[in-house]
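Right, one structure below, let's go through it.
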Amino acid sequence: MHRTFLLLGATAGFLGVAMGAFGAHGLRATLDDYHLAIFRTGVDYQMWHALALTLVGMMVKQFPGTRLLVAAGWLLFAGIVLFSGSLYILSIGGIRWLGWITPFGGMAFLVGWLLLGLSAWRLEN
């Protein structure tokens, strides 16, 4: 399972850098400042949570069988897809109704971090 989260983290990081470059170079002339800021928020959250997924992958390797860590990893991944993904589509495609998905991604991030903290709390030396 640790390899899954390491691969997801690396893929999310790669795609986050690609999306950041696309936003900085490909969308600057296309989007207004408001929509470009929405796009950048998606990139920022994706990159931070790509790092968190990598951390989860390392922790799962170190502490196998920790179900809370695995759940935290899947929630962080779901948050990237729902939160950042909806912001990308909202800013580029202008599909405003997708904005209702963004808070679900935010909640997935919050619960993922909570479970990561609980996992750390429960770990024995």
Side-chain angles (χ1 to χ4, degrees):
M1 184 56 64
H2 73 282
R3 287 180 56 179
T4 300
F5 291 123
L6 291 172
L7 287 170
L8 287 173
T11 302
F14 174 86
L15 292 173
V17 171
M19 293 300 278
F22 176 62
H25 302 290
L27 294 178
R28 181 173 295 209
T30 306
L31 297 181
D32 59 23
D33 288 341
Y34 175 75
H35 287 93
L36 197 56
I38 291 172
F39 189 88
R40 286 181 182 151
T41 299
V43 171
D44 289 345
Y45 275 78
Q46 179 170 338
M47 290 304 296
W48 282 111
H49 290 89
L51 290 173
L53 273 174
T54 304
L55 172 66
V56 168
M58 291 187 293
M59 290 179 70
V60 168
K61 170 78 171 166
Q62 184 71 28
F63 308 103
T66 308
R67 290 187 342 222
L68 287 178
L69 278 175
V70 172
W74 286 118
L75 284 165
L76 293 172
F77 177 69
I80 290 172
V81 172
L82 295 173
F83 186 86
S84 295
S86 67
L87 291 182
Y88 296 147
I89 294 170
L90 178 67
S91 62
I92 295 172
I95 304 171
R96 295 182 55 104
W97 64 266
L98 281 175
W100 70 268
I101 294 174
T102 310
F104 291 104
M107 287 302 298
F109 283 150
L110 289 170
V111 176
W113 282 106
L114 179 66
L115 293 182
L116 182 59
L118 286 173
S119 296
W121 181 265
R122 291 184 176 184
L123 291 177
E124 296 183 22
N125 296 333

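Values below: all heavy atoms of this structure, side chains included; hydrogens, waters and symmetry mates excluded. The shown structure was predicted, so the numbers you read here are calculated from the model rather than taken from an experiment.
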Exercise for the section: Only one of Thr41, Ile38, Leu98, Val43 passes side-chain contact (heavy atoms from CB on, under 4.5 Å) with Tyr88; say which it is. Expected result: Val43
Practice task
Quickly, which of Leu55, Leu115, Leu53 forms a side-chain contact (heavy atoms from CB on, under 4.5 Å) with Leu76? Name it, please.
Solution key: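 Answer to the side-chain contact (heavy atoms from CB on, under 4.5 Å) test with Leu76 among Leu55, Leu115, Leu53: Leu53.
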Going from [atom1] on [X] to [atom2] on [Y], what distance comes out if it is rounded to the nearest 0.5 angstrom?
X: Lys61; Y: Leu69; atom1: NZ; atom2: CG; result: 14.5 Å
X: Leu68; Y: Leu114; atom1: CG; atom2: CG; result: 9.0 Å
X: Ile80; Y: Met47; atom1: CD1; atom2: CE; result: 9.5 Å

Practice task
Kindly say whether Phe83 contributes a backbone atom to a donor-acceptor pair with the side chain of Ser86 at under 3.5 angstrom?
Solution key: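 A pair under 3.5 Å: yes.
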Please give me the minimum heavy-atom distance between [X] and [Y], naming the atom from each residue.
X: Ala72; Y: Gly112; answer: CB-O, 3.4 Å
X: Gly42; Y: Ser84; answer: O-OG, 2.8 Å
X: Ser91; Y: Phe39; answer: OG-CD1, 3.4 Å

Is there a path of hydrophobic side-chain contacts, each under 4.5 Å between heavy atoms of I/L/V/M/F/W/Y residues, joining [Y] to [X]?
X: Leu51; Y: Val70; answer: no
X: Phe109; Y: Leu116; answer: yes
X: Phe104; Y: Val111; answer: no
X: Val56; Y: Trp113; answer: yes
X: Met59; Y: Leu118; answer: no

Exercise for the section: Would you please name every residue forming a ring-ring contact (aromatic ring centres under 6.0 Å, His included) with Trp48, sequence neighbours left out? Expected result: none
Exercise for the section: Measure up the Trp74 and Phe77 rings against each other and bin them: parallel (under 30°), tilted (30 to 60°), perpendicular (over 60°). Expected result: perpendicular
Quiz: residues 1-17 side-chain donor-acceptor pairs under 3.5 angstrom, not counting sequence neighbours:
unit_1, atom_1, unit_2, atom_2, d
Thr11, OG1, Leu7, O, 2.8

Return a table of donor-acceptor pairs under 3.5 angstrom between the side chains of residues 21-37 and protein atoms on other chains or two or more places apart.
unit_1, atom_1, unit_2, atom_2, d
Arg28, NE, Ala24, O, 3.3
Asp32, OD1, Tyr34, N, 3.3
Asp32, OD1, His35, N, 2.8
Asp32, OD1, His35, ND1, 2.8
Asp32, OD2, His35, ND1, 3.3

